[in-house]
Amino acid sequence: MQVEALPSAVRSAVQSHRCGGRRTGLVPTMGALHVGHVSLLDAARSECDFVIATIFVNPMQFGPHEDFERYPRTLEQDLQRCEAAGVDLVFTPETSRMYAPGAESIVSLTGLTRKLEGRHRPGHFDGVTTVVAKLFNITVPDRAYFGQKDYQQQLIIRRMASDLDWGVEIVTCPIVREDDGLALSSRNRYLSPAEREKSLSLSRALSLAQDLAQSGSESPDSIARRMQQLISGVEGIDPDYAVVVDCDTLDPLVDRPKRAVALIAVRIGKTRLIDNQILRFR
Ligand code: AMP
C-alpha cells in the first residue's frame, strides 16, 4: 500500500494505474476509521481496480467553536485498517498543502447547503464541497464512495458532481450501526457511558418514525413531532432538528409520500450526533 502526502505523487500514481479501462475508486475520510468507513473501503475494493482512501481532518468544514482541535487522530491504526481492506493508496495531505497561503477559491452550492445541517453549521458545507472538489481533481476517480450516515452531504456531493460535470459516479453506502442501533461515528468516542445510553434515542426515534410510516395514517409532520417528543423526553439531549422531508430536496412534505427521509441532529453534552433513515410509507 502506497502512502502519499503530496497531490503530485497521487496524480502520477493514478496516471500510471489508469490504463485499459481500469476503474479508480475514491473514499474520502477524516480518519479515526471505524467499521462504517471500512464498509466504504470494501465497496470500493469490490467495484474498482485502484482504491484510494484519503485521510484529512479538513479545518475548513469545522466552525470556530467546533471540535477541530480535539477531533480524534489515529493515523497508525487507520493505515492498518486501510491495508487490511486492500486499499492501494492512502492520501494524507498536510493542511498547509491543501490550503496554500493565498488560496481564495471556494466551491459553494446555493440551495441544498442552506438547509438543516447548513443552517446549524454555517460554512460547513462550503468546507466539504471545496475539499471534495480538490480531492476529485487530484485523484480523478471513476467512482467516489460516501455514507448515507451523512445524508445531506451525499446529496450535496451528487448535486455538485452533476452540476460541475465531473463524470464521477457517486455511490452511497448504507449506515453501519452498533448492535444496539447507534450509528457508528468517530465522535461516539466522546460520549460518557451515560451519554452513550441517551444516544440510543436517535435510532429509537427513527424506528418509531418507520413504524408510524408503515402502520398509521400520520402525516410526515406529525411523525416528525412524535420523533421530537421522544428525543425531548430524554434529559440532557438538546435537539437541533428532527424532521421528515423529501429525499431529494430536503423540503417539507405536504401529503403522505411513498418514501421520505427522517433526519435527526442533537447535542448530547459537548457531542453533536446525526442520524437518519429512509422511511417507506404504506
Ligand atoms: P468522516 O470520516 O466522518 O468524514 O466520514 C467519511 C465517510 O464515511 C463519509 O462518507 C461518511 O458518511 C461515512 N460514514 C461515517 N460513518 C458511517 C457509518 N456509520 N456507516 C456508513 N458510512 C459512514
Side-chain angles (χ1 to χ4, degrees), residues 25-48 51-63 66-68 70-75 77-79 81-82 85 87 90-93 95 98 112-113 116-117 121 124-136 139 141 143-161 168-191 196 199-200 202-203 206 261 263-265 271-278:
L26 172 69
V27 181
T29 81
M30 297 205 297
L33 299 186
H34 50 64
V35 177
H37 295 113
V38 173
S39 74
L40 271 54
L41 297 174
D42 289 344
R45 182 69 283 163
S46 68
E47 296 172 4
C48 302
V51 175
I52 304 175
T54 66
I55 298 177
F56 179 58
V57 184
N58 173 30
M60 194 180 165
Q61 71 188 71
F62 288 79
E66 294 186 351
D67 57 345
F68 175 69
R70 71 175 180 134
Y71 197 84
R73 288 155 171 93
T74 59
L75 186 59
Q77 280 173 43
D78 292 349
L79 293 177
R81 290 209 120 140
C82 287
V87 170
V90 179
F91 178 41
T92 58
T95 304
M98 287 301 268
L112 274 174
T113 53
L116 300 172
E117 283 296 280
R121 303 183 68 188
H124 167 67
F125 284 124
D126 283 356
V128 171
T129 47
T130 301
V131 82
V132 172
K134 288 168 71 69
L135 295 174
F136 282 179
T139 63
R143 289 189 177 178
Y145 295 80
F146 294 86
Q148 188 197 317
K149 165 74 170 37
D150 296 274
Y151 187 88
Q152 188 172 0
Q153 170 175 284
Q154 58 82 36
L155 271 189
I156 287 167
I157 301 295
R158 280 175 186 278
R159 181 80 266 152
M160 174 181 86
V168 53
E169 184 184 339
I170 306 301
V171 180
T172 303
C173 300
I175 302 175
V176 179
R177 298 177 180 281
E178 303 276 10
D179 288 345
D180 61 9
L182 177 65
L184 295 189
S185 162
S186 305
R187 291 187 167 100
N188 291 350
R189 68 187 71 194
Y190 299 153
L191 299 168
R196 172 73 179 70
S199 71
L200 294 179
L202 276 81
S203 52
L206 293 171
V261 59
L263 295 146
I264 299 180
T271 308
R272 190 166 184 282
L273 298 178
I274 57 172
D275 200 351
N276 69 83
Q277 184 167 324
I278 302 285

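We count ligands from 1, going down the list as the structure has it; atoms in each ligand are counted the same way. Here, residue 1 is the first one in the sequence, and each next residue gets the next number. Quick caveat: nothing in here was measured; it's all calculated off a predicted structure.
Not counting sequence neighbours, Arg158 has no partner by the salt bridge (Lys or Arg N to Asp or Glu O under 4.0 Å) test. Evaluation of the ring-ring contact (aromatic ring centres under 6.0 Å, His included) rule for Phe62 yields Phe68, Tyr71 as partners, not counting sequence neighbours. Listed by chain and number, the residues in a salt bridge (Lys or Arg N to Asp or Glu O under 4.0 Å) with Glu47 are Arg143 (sequence neighbours excluded).
Around ligand 1, the residues contributing at least one heavy atom under 4.0 Å from the ligand are Pro28, Thr29, Met30, His34, Gly36, His37, Leu40, Tyr71, Phe146, Gly147, Lys149, Asp150, Gln153, Pro174, Ile175, Val176, Leu184.
Of the possible polar contacts, none joining the Asn58 side chain to the Met30 backbone as a donor-acceptor pair under 3.5 Å is found. The backbone N or O of Met98 lies less than 3.5 Å from a partner atom in the side chain of Lys134, making a donor-acceptor pair.
Scanning both residues, Thr172 and Gly147, for their nearest heavy atoms gives CG2-C, 4.2 Å.
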